[in-house]
Number of protein chains: 2
Amino acid sequence: MVLLSKNTNNFKYINSKMKSPQVTIHDIAKILKISASTVSRALSDHPRISTDTKKKVKALAKKLGYQPNIVASNLRVGKTNTVGIVVPRINRNFFSNVIGGFEEVVSNAGYRMMITQTNETYNKEVENIKALINARVDGIIISLSAGTKAYNHFKLVQRNGIPLIFFDRATDKIESSKVVIDDLDGGYSAVNHLISQGCKKIAHFAGPEHLIIYSNRKKGYLNALKKRNIDIRDDYIVNDIITKDTGFDACRHLMGLKDKPDAIFAASDFSALGAMVYLKENGYKIPDDVALVGFANEPFTSLIEPGLTSVDQHSNEIGIEVAKLFLDEVKHTPASKICRDIIIKPDLIIRKSSRKKT
Amino acid sequence: MVLLSKNTNNFKYINSKMKSPQVTIHDIAKILKISASTVSRALSDHPRISTDTKKKVKALAKKLGYQPNIVASNLRVGKTNTVGIVVPRINRNFFSNVIGGFEEVVSNAGYRMMITQTNETYNKEVENIKALINARVDGIIISLSAGTKAYNHFKLVQRNGIPLIFFDRATDKIESSKVVIDDLDGGYSAVNHLISQGCKKIAHFAGPEHLIIYSNRKKGYLNALKKRNIDIRDDYIVNDIITKDTGFDACRHLMGLKDKPDAIFAASDFSALGAMVYLKENGYKIPDDVALVGFANEPFTSLIEPGLTSVDQHSNEIGIEVAKLFLDEVKHTPASKICRDIIIKPDLIIRKSSRKKT
DNA sequence: ACAACTTGTGCAATCGATTGAAATATTTTT
DNA sequence: AAAAATATTTCAATCGATTGCACAAGTTGT
């Protein structure tokens, strides 16, 4: 049984089974017969409060199980210590890894995360962004949805003075900090590796063109071919192939050509997997008949047989870098309009699916 | 250039590049020469406000890009429309799937999510719970960390009148709603299936005993053996084996026994995978020499060769059920102390690793 | 002994939206 | 045209913590 005296002439008996109203600094102040401001200052170790009252206040706060009402504090101070996160899907390995890395850093700095998903649609992205602005988050980090082709909602974010950081799927239509991986380099080294393994007819499963990450992977592919003086063949490039099913179909199409490719560089591990399934089902040898390289280094790539060579994106590290950038931006907000681009070098993880020589 | 008159005698010129202070209902009120309360009511379509003023207010609100300050609203109303989520790790497939399902339901009901991870430690769990209480979330949903063996922090949640729902990893030490899968049934049907395939010497990789989910899976294993009159052999049960590496080692140990098992039911897909790797490396045939069944139906189980038979937990559905339960509890809060247990039946997904007959 | 600090605490405004009750305006009724 | 009923709007308090400023008591210096 706890006894609270908020109105001195109106005691309330709180049964421990009832929802007890939260203890406030005013409750503590009343009991100790001091002012709420003193309680507030005592709790935050203000130098002008005597050690004696600090002790008393803290002791009572502990005894009553006082928990500061952050909402009230937020309103007054104008900060929420919360970061908004917008991703296409939470349960996608890459995104949850980035978020995991991000969380570890910002939570240690006292920030909490509010996570939303867009399901790859523009409408939900806009909706989420607005909700986060309303919630007065201290910053927003986002990876664009595939359906996003307009960017005005980000202007809204910036007009509200909220730091905005893109990661992975970014746009150059908005001036803001970004953390991306060097997809061009990733594509380049993947294809370069295939060439080194002796492949001469390398096909490519490209992703949706308007997402920079995919167009860069394709550029990397093209650059590598040029550099090594291999002709670029349009019929070896299949667009918008990033799922297992479309990868399967695209592979069948390629293997139906008169002049079959001897390697495929897929912009997605899943489409590479689809190709692998098709090839195995139809008696092609991997990597001897067709070598395969995917992109993203999904967990399954090391578990399937043969292991799928893939480009690792250091997703956890991306999260950490985004976090650092964010912490830096809120520190200087709103003074400097720093825009930094962090480009992370991916790593090619070579496995059996492309390793011809030992 | 936007012109705001907050103090009538102190105009502020806001350059569009500056961080513009957020528009409030007071700004709108001043401009329209009406009171802030009217603006507030107009915006929320209060019946006692004339259609005329509603129109004017809404028009101006739109023009000024007014965004309600939810923090202020939260403080006044005493709700935050936010759910706190505590999971061991965000980037674990199962959890991110549950969260994904959960999000879809609650976001449509106007709730946002605050997600925290414990990294399987008790301390971080307590810390996260306290932070969520401070943030005044409207509810907390949690899957226990492996390191949690004390439960007082949940009493704190309940004392604050915050609905609390456990999912997957729950405890019966706290009276509260839960959504779990029927692990016992899952274990039972996995082992029953192995017996039907002709296996007689079935080993088990169990998980940490103090997590109910694992002890139930083991019970299911034991029950199935009893029911089918197969002797239980202690040397076929290896405890605390849930990772790929420990699965590999445990499998080596089992295959070193004089009387080798002819099947393994692993409480985790990862330890089953470890076993599979060991068996393949050492020339054993799967499922003919040793049949394998895992648990969780991780994405990789369908991608590896042979496909790993596994128990699907309907993770997405768990999230949806938790969400429904949550929405129901906040609706009735704080009146009724409803405690419901939702038990979801898992599905055995049979693949090559255990299919002996065709 | 008196000015000049230092130390410790309280007062009251503030953040922005919400809401019960009171006040004013408008329409209807008699 | 006055009374009654209804429709709109405003007032003022509130949520709980924070903070500039004022004030009182105690110290130091000359």
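So you know, we letter chains A, B, ... as the sequences are listed, proteins then strands, and number each from 1.
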Candidate nucleotides [options], ranked by approach to the side chain of [X] - the nearest:
X	options	result
A:T24	D:dG16, D:dC21, C:dT19	D:dG16
B:S40	C:dA17, C:dG10, D:dT18	C:dA17
B:L75	C:dT19, C:dG16, C:dG10	C:dG16
A:S35	C:dT19, C:dC11, D:dT18	C:dC11

Answer yes or no: does a side-chain N or O of [X] lie under 4.0 Å from OP1 or OP2 of [N]?
X	N	answer
A:S50	C:dT9	yes
B:T38	D:dT10	yes
A:Y66	D:dA17	yes

Is any side-chain N or O of [X] under 3.5 Å from a base N or O of [N], one able to act as donor and the other as acceptor?
X	N	answer
B:R76	C:dG20	no
A:R41	C:dG8	no
B:R48	D:dT6	no

Sugar-phosphate only, base, or nothing, as touched by [X] at under 4.0 Å among non-hydrogen atoms:
X	value
B:I70	nothing
B:S73	sugar-phosphate
A:S37	base
A:S44	nothing

Measure the distance from [atom1] on [X] to [atom2] on [N] and round it to the nearest whole Å.
X	N	atom1	atom2	value
A:N74	D:dT19	CG	P	12 Å
B:I25	D:dT9	CD1	C1'	14 Å
A:D52	C:dG8	CG	P	10 Å
B:I34	D:dA7	CD1	P	20 Å
A:N134	C:dC15	CG	C1'	17 Å
B:D45	C:dT19	CG	C1'	17 Å
A:K33	C:dG10	NZ	P	12 Å

Exercise. Considering non-hydrogen atoms only, spot the tightest contact between A:K130 and A:L156 and give its length.
Key: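 Of all heavy-atom pairs spanning A:K130 and A:L156, the closest is CE-CD2, 4.0 Å.
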
Quiz item: What's the shortest heavy-atom distance between A:I49 and A:K54, and which atoms?
Solution: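 Here A:I49 and A:K54 meet closest at O-CE, 3.4 Å.
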
Quiz item: Between A:F102 and A:F167, is the gap from one ring center to the other below 6.0 Å?
Solution: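 Not close enough - the centres of the two rings lie 6.0 Å or further apart.
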
Quiz item: For residues A:Q158 and A:S176, is any side-chain donor paired with an opposing acceptor at under 3.5 Å?
Solution: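 Their side chains do not contain a donor-acceptor pair, so the 3.5 Å distance test is not met.
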
Quiz item: Taking NZ, NE, NH1 and NH2 as the nitrogens, is one of them in A:D52 or A:K56 under 4.0 Å from a carboxylate oxygen of the other?
Solution: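 Looking at A:D52 and A:K56, the cut-off is met.
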
